[in-house]
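The next block holds one structure in the form of structure tokens; read it before the comments.
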Amino acid sequence: MTEAERDEELVRRFRAGEPEAFADLVRRHQPRVYSVCLRVLGDADAAADVAQDTFLTVLRKLDGFRGDAAFTTWLHRVAVNACYDELRRKRRRPMLHVVADDGAEHEPGAPAPDHADEVAGTRDVAAALASIPEQFRMALVLADVQDMAYEQISEVLDVPVGTVKSRVHRGRLALAAALGIDRGREPRGPAETSEQEP
Amino acid sequence: MTHPLEHLAPYVDGAIAPSEQAVVDEHLRSCARCRGEVAAARAAREALRASPEPAAPDLASLFTPERIAELTAPGTKGRAPWAKAAPALAAAAVVALVALAVPRLGTSSDDTVSGGIEAADTAVAPSGPVRLALDDTDYDVASLQEAATTYAASLTGGDDAVAASATPAEGATAVAPPDEQLRFAGRARTAKATRCLRRAFPGFPGEIAAARLARFEGDPAYLGFVLESPGAGTPPDTLSVWVASADDCSILSITSARL
């Protein structure tokens, strides 16, 4: 049984009245969903909340899932939308000043350290990823973290495949720049760096 | 010169069609800029792939059959076929909902909150430190007072509390919809909330027993449910609800109810 067939089987069992099948679906996919949320949002707490929201949405909408797309594609689409919602909320939310125990006022610090930060250098990658434009970041996470094919990313993001390829390439260059990787040449001009629509 | 931008990502992946690869190879021989981009993109790709996968929280444990029945029961969005056929599950969901409305009493220390996602679906009051509940309710003065009264009654075990908690969808009650009560913020946001409340209400007596992130008259607000004791080791006799702006930690409101 393939992974997709396993998902279909669990969806079928859930619809047939086995609630445990939904927990199995969550168990199977929570690492990937959480990983997407964490890489895109850069905050472990927010990622856990948004991953939870993703599965709540999936639970509510599973009866309407027609199976036109693979379950994983649909799940990622829900997760991506939940991430964009959180990013929008974050933009609207003013930064909170907090008072530490010593009475000094501080700006909120960097995102809470996540498990990946335990490895030296990972913090740099996470910080660099957080600094690149959201659309590039999302495409990059799906391609290089989730290892999804461009066609599937196209379905998840609902953009043409050519746009996905362009975003991934631009995202990699932006990440390289944020990591201090020298590409050895001057950046392209504005006309050349714009997103390439097919 | 036309740069094959659309092909560079799959080229870096090594997942390009042979005919397209020949075109890109030919271009790269004469374009130093694209060669630089390919090298940089390849390095970035490797750096990202080399970063370890984080350990995911256990979300599956939140989706117990009882919780699923609750979330898909009539009156909520969506419905599962077993929800209407299993009154026992529905009863269990009510018990769980009451438990959610009775956060545990404990320390208000910001630095001792536990990690991970709190299992909010227990049929007993969760134990452990304060956890910030995410509540979509937009409170006003009247509903805030109702929240205080309901919460106080729930602590003293009054029947009214049970009734109010079990019927969250009826009118503008102070009890958040059960869907929203499922969710709790993590450590960082909980710590921010308690600090903000303490900053808004400096020197106010009492222990923060529970906290919510909600709205008050349209503005994002932290609600702190605070137990106040007359002192000298006597038990708390008053529940106050502090309301502080989540934007700037200013006081928005305060109300109280007798325990």
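Residue numbers start from 1 in every chain, and the chains themselves are labelled A, B, ... in the order their sequence lines are given, proteins ahead of strands.
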Among B/Leu8, B/Val12, B/Val38, which one satisfies side-chain contact (heavy atoms from CB on, under 4.5 Å) with A/Arg172? B/Val12

Any side-chain heavy atom of A/Leu56 sitting closer than 4.5 Å to one from B/Phe63? yes

Find out whether A/Gln52 and B/Leu62 are in side-chain contact, i.e. whether some heavy atom of one side chain is under 4.5 Å from a heavy atom of the other. yes

Do B/Glu37 and A/His169 have side chains that approach each other closer than 4.5 Å (heavy atoms only, starting at C-beta)? yes

If every non-hydrogen atom of B/Ala56 is compared with every non-hydrogen atom of A/Tyr34, which pair is closest and at what distance? CA-CD2, 3.5 Å

Nearest heavy-atom neighbours spanning A/Leu173 and B/Ala40: CD2-CB, 4.1 Å

Side chains of B/Thr64 and A/Glu20, heavy atoms from C-beta outward: is any pair under 4.5 Å? no

May I ask you to decide whether A/Asp144 forms a salt bridge with B/Arg49, counting only side-chain N to carboxylate O separations under 4.0 Å? yes

B/Leu5 vs A/Lys165 side-chain heavy atoms within contact, under 4.5 Å: no

Could you pull out the closest heavy-atom pair between B/Leu59 and A/Ala48, with the gap in Å? CD2-O, 4.3 Å

With side chains defined as the heavy atoms from C-beta onward, is the minimum distance between B/Asp13 and A/Tyr150 less than 4.5 Å? yes

A/Ala143, part contacting chain B, at a heavy-atom distance under 4.5 Å: backbone

Minimum heavy-atom separation for B/Ala43 and A/Ile181, please, with both atom names. CB-CD1, 3.7 Å

Quick one: which of A/Val125, A/Leu179, A/Val141 gives a side-chain contact (heavy atoms from CB on, under 4.5 Å) with B/Leu48? A/Val125

Least distance between heavy atoms, A/Pro31 atom then B/Glu53 atom: O-OE1, 4.5 Å

Looking only at non-hydrogen atoms, find the nearest pair between A/Val168 and B/Ala9 and report the distance. CG1-CB, 4.1 Å

Measure A/Leu129 against the heavy atoms of chain B and call it side chain, backbone, both or neither at under 4.5 Å. side chain

Looking at side-chain heavy atoms only, is the closest gap between A/Arg39 and B/Ser51 below 4.5 Å? yes

Hey, does B/Glu6 have a side-chain heavy atom less than 4.5 Å from the side chain of A/Ser166? no

